[in-house]
Amino acid sequence: HHYWQATVDAPTYTELSAEDIVWTPSEKSGKRDEQYGKLGQYCADLNTVIRRKTRTVTCGPVRFGSDHPLVRQTMGTTLTSDVDGTIEQVMRCADKGFDLVRITVQGKREADACLKIREGLFKKGYDIPLCADMHFQPVVASMVADCLEKIRINPGNFADGRKDFDEKIYETDEDFESERGYLIKAFQPLVEKCRDLNRCMRIGTNHGSLSSRILSFYGDTPRGMVESALEFADMCRALNYHNFVFSMKASNPLVMVQAYRLLAAEQYRLGWDYPLHLGVTEAGEGEDGRMKSAIGIGTLLSDGLGDTVRVSLTEDPEFEFEPCNTLCSKAESSVATNPVSYDLQKAVTPYVDTRDVTSFGRRQGVLPEQDEGDKIDVRGYLHRDGSVLNAVTKEMLTPENVQYLYQQLGCKMAVGMPFKDLATSDSILMRDPPSSEEVNSRRALKRLIEVSMGVIVPVEKLEEDPLQNAVALIDLEEAVARGGKLPKGAIRMAVTVNGKESEETIAKIRELNPTMILLNISPDLSILHASRRFFEILKKYDILTSVVHHEQTSIAEKDQFALSIGTRIGAQLTDGNGDGVLIEQVGETKPFSVDFLRTTSFSLLQGCRMRNTKTEFVSCPSCGRTLFDLQDTTAEIMKYTGHLPGVTVAVMGCIVNGPGEMADADFGYVGTVPGKVDLYYGKEVIKKGIPNGEAVEALVELIKEYDMWVEIPEEEEALVAV
């Protein structure tokens, strides 16, 4: 266990200049297309799940790459200068099952502590590799490479962190390339040392902390993230160093997915094969954090991309293991080498995949329109930004339960009557509606119909006992057979599709013109590929009907549930395919309330950047740089500002994860020195050095100053007080 000690004398290398390096040709000028051809594939196969073929990268006893299992990793939250505390935490993480732990290194004091931490772990029999998280400090990074197995550098601030964006605009390739000299000067010593000591490196781009130079030339885009990383990889390759992995992290899962796909496509085009580290930054906490991670990480894993995973939660690192392991295990079992998964993928009728992964566009389904003879308003059945549907049973409509149901559906109440609010279910599915004899239950249903909530009922139930102004749910093949004829009393039609239908049958949706399609993929097909095939056919025939992803689930555990729907439905929504979600519980036990399923569905839509119904919180996972108690502070801020849809608040433990990594946020709460925080509007500091005790109140005042505050409704105020 002595491989951590530096065995190489002080290097005597020749300093390279920018002219000595073969840089990847410019993408902007078209030179890359000329030399390497147009961008093509981004994953190994579009019809089956095959891991993207990569080289093996070594990190102490751990191996990254397609020939090895997915590596599960986390980040410590202790102060790195607290040697004993850090050793204890790393041991707990290793005992949980993690393969690697990252620790933060701000300066020389922490670099010195790293040697003691590494030695202390070896003495206790732990050879789990450690990664140093570096920002701004090239000299310290070289020091810490003496004792730790891996160094994470951020191209946005390793050497190029000079924020002189206002002083210099980079417009041409020549402007942009002229500044590479100081990058190589800062980076070469670390690369040489990592190569000679066989250390591992992560070139970790972050959407929120791109350098001013990249921002000026490429903008705040996935392309900018990729180009930033390629530049650092070019320097590594010129120095014959290949033991590195890439990451493209963002707090917005859509940006993150697009950046990783673009990077994978560039690697295919260039003939590179470096592994990928997957993560969504500052995912947050609880189900929301798990959901956001599943949307980003789960989507990429389901295409065979990714070799190591970190799920960032605002919780202690040990709690990251379950979601991380769940996503990895699902991915490992879904590859086509597993005969069960292979059969599901091969059962999907072959189709041509025409998605363009280099740009994001959303397929916008048409919304219900009012017809002349309609007695009620059908326009609220679906929502422009994404719809949430809920399954409801007739027991919920009885007089003793109905007020509770209205509340669960997110209705606001006035004189005992339900009305739609900001996050009310748009429509409901009733497999077994109350009979016309059940007068009170029918009246309760009528009240929902009158406030433009769609009530979707299977056609056979409506034929037995009509329900005025219901939406008839008909299997697509049956709807075609009956020529789209509606049962008595029904006002509209919804069709259900299972993915086994022929292209010819799906094309007939155009003539049927249903209000919506419930896409409920058969369990004996791969949901990913069957859904993609369905959307390709809609595109081919120019069918614009809204599609609601209908997920039937028997999962009984909240965290697992968030990970499952985040991956299964999120993979479609991140491609811009789908107009809503309906989650229906099946099986003996149905543990989740309508309210939980509704709010989780809204979280899924918000995580996919569709419909905003609550404040978006971007909070970093705590680490050794954090200057206040992140979990308590985040909870406190959520309590006072959690009711502001369309507003994004970033809670950042330190300046490194501050202005940079909160690229998406309206307001920022950032630790600067112990006991003090700065408040931001966008990326601009507005209030400095506010004592922790006064900062939440000052944040509320700041939101008010920018006219983005609304008062908490009275009934919610009472709940907050409770």
Side-chain angles (χ1 to χ4, degrees), residues 206-210 215 219-222 225 249-259 279-293 295-296 312-314 360 362 385-386 422-423 566 570 573-574 599 602-621 630-631 633-655 657-671 677-687 695-696 698-710 712:
N206 218 308
H207 178 222
S209 53
L210 295 171
L215 284 171
D220 187 5
T221 59
M225 294 166 71
K249 291 190 170 186
S251 60
N252 175 339
L254 265 62
V255 171
M256 174 259 193
V257 167
Q258 203 181 323
V280 175
T281 51
E282 298 97 41
E285 59 180 9
E287 284 110 39
D288 274 6
R290 286 162 177 79
M291 174 81 75
K292 228 191 241 187
S293 295
I295 293 165
S312 314
L313 300 175
T314 310
F360 178 78
R362 190 171 289 293
D385 299 328
L422 198 70
L573 298 180
T574 49
T599 53
F602 276 116
S603 293
L604 175 62
L605 294 181
Q606 185 152 333
C608 292
R609 292 300 192 269
M610 289 173 69
R611 185 170 170 187
N612 267 320
T613 47
K614 58 185 177 183
T615 315
E616 177 82 9
F617 287 98
V618 175
S619 55
C620 65
L630 231 138
Q631 293 180 39
T633 305
T634 304
E636 181 81 352
I637 291 171
M638 281 180 165
K639 187 168 102 178
Y640 288 100
T641 65
H643 63 291
L644 304 170
V647 174
T648 303
V649 177
V651 186
M652 297 290 155
C654 78
I655 200 68
N657 278 30
E661 296 194 7
M662 54 193 205
D664 271 358
D666 299 305
F667 298 97
Y669 181 110
V670 181
V677 298
D678 288 356
L679 296 181
Y680 284 73
Y681 175 66
K683 290 190 179 182
E684 188 186 343
V685 185
I686 304 294
K687 297 183 178 181
V696 176
L699 174 65
V700 170
E701 286 309 311
L702 186 63
I703 296 172
K704 287 178 178 173
E705 278 173 39
Y706 283 89
D707 289 332
M708 294 176 85
W709 179 261
V710 292
I712 300 179

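In this structure, OG1 in Thr574 is found 6.5 Å from CG in Leu254, a value given to the nearest 0.5 Å. Interatomic distance, CG of Leu604 versus OG1 of Thr599, reported as 11.5 Å (0.5 Å rounding). Rounded to the nearest 0.5 angstrom, Ser603 OG and Arg290 CZ are separated by 13.0 Å. In this structure, CE in Met256 is found 11.0 Å from CG in Asn206, a value given to the nearest 0.5 Å.
Contact annotation: the side chain of Pro253 approaches that of Arg609 to within less than 4.5 Å [non-hydrogen atoms, C-beta and beyond]. The side-chain heavy atoms of Leu679 and Glu701, taken from C-beta on, include no pair separated by under 4.5 Å. For the pair Thr641/Val647, no side-chain contact is recorded, criterion being any heavy-atom separation below 4.5 Å from C-beta on. Looking at Leu644 and Val649, their side chains never come closer than 4.5 Å, going by heavy atoms from C-beta outward.
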Self-check item: Tyr680/Phe667 under ring pair (Phe, Tyr, Trp, His ring centres under 6.0 Å): CA gap, chis, key distance, verdict
Solution: CA-CA 5 Å; Tyr680 284 73; Phe667 298 97; over 10 Å; no
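Here the closest heavy-atom approach between residue Gly570 and residue Cys608 is recorded as CA-SG, 4.3 Å. Residue Ser251 comes nearest to Val280 through the heavy atom pair O-CG1, 4.0 Å, listed as atom of the first residue, atom of the second, then distance. Taking both residues in full, the closest heavy atoms of Met291 and Gly566 are given as SD-CA, 3.8 Å, listed atom of the first, atom of the second, then distance. When all heavy atoms of Phe602 and Ala423 are compared, the pair lying nearest together is CE1-O, 3.2 Å. Heavy-atom minimum distance, Ile295 versus Val257: O-CG2, 4.3 Å. Taking all atoms of both residues into account, the shortest heavy-atom contact from Leu215 to Leu210 is CD1-O, 3.7 Å.
Under the rule for a salt bridge (charged side-chain N to carboxylate O under 4.0 Å, His left out), the partners of Arg611 that lie at least two apart in sequence or sit in another chain are Asp426.
Between the Asp385 side chain and the Met610 main chain, no donor and acceptor come within less than 3.5 Å of each other.
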